[in-house]
There are 2 protein chains.
Amino acid sequence: MVVIVAKSIVKQGKLEAFKALAQEMVEKSREEEGCITYQLYQDIHNDHVMTFIEEWENMKAVEAHQKTEHFERNVPKMKALRHPSSEMTLYKKLT
Amino acid sequence: MVVIVAKSIVKQGKLEAFKALAQEMVEKSREEEGCITYQLYQDIHNDHVMTFIEEWENMKAVEAHQKTEHFERNVPKMKALRHPSSEMTLYKKLT
């Protein structure tokens, strides 16, 4: 299993636009083969910090995800709505 | 529900010591009331990046967790083993 934590710091005034794209990513990604969970979270102390926590069966599923139509259409738009300091980390489970 | 993502960048040579403390935190925290899940992950590209992803029923459970004997004993030791740039974020679920 591969877990992805993708943390975005959304630019001021862009939160609603970001959320709309994120919502579509949640709905479509959950339908993909190899997607175990795909959740969106908001920092309780800063509503402009939005983080996806995703569980994928393996790297093959992650790579297929990154070639989907919705990924290629939405992710560049989301990148434009967030600060460059946003980060994505791929993890393996230890416990 | 409150989700905590606690990312630690462990100092060189301190990984095994950090893992031992982390393992105890996983075992004991899972027994706490209000703990839904408590998992430890390792960055697949950098084995010194270790992240807890925790799900708690509510803030009351988080606050109780932070007063437990194992938290008060282990967390200061873990802090000494990691870089100051480590971070902890509290989230609410949006989807």
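Everything numeric here is computed off the predicted structure, so don't read it as measured data. Throughout, a chain's letter reflects where its sequence line sits, starting with A, and its residues are numbered from 1.
Heavy atoms of other residues, nucleotides or ligands lying less than 6.0 angstrom from NZ of A:K92 number 12 at most.
When each of B:D43, B:V26, B:V3, B:V2 is scored by its heavy-atom pairs under 4.5 Å with chain A, the top score falls to B:D43. Heavy-atom pairs under 4.5 Å with chain A peak, among B:T51, B:L90, B:V5, B:T89, at B:L90. Counting heavy-atom pairs closer than 4.5 Å to chain B, the top residue among A:V49, A:N46, A:T95, A:I53 is A:T95.
Judged by distance alone, the side chain of B:Q42 and the main-chain N or O of B:D47 form a donor-acceptor pair under 3.5 Å. Looking at A:K14, its side chain never comes within 3.5 Å of a backbone N or O of A:M78 through a donor-acceptor pair. Distance alone, capped at 3.5 Å, is enough to place a donor-acceptor pair between the B:R30 side chain and the B:Y38 backbone.
Heavy atoms of B:Q23 lying under 4.5 Å from chain A belong exclusively to its side chain.
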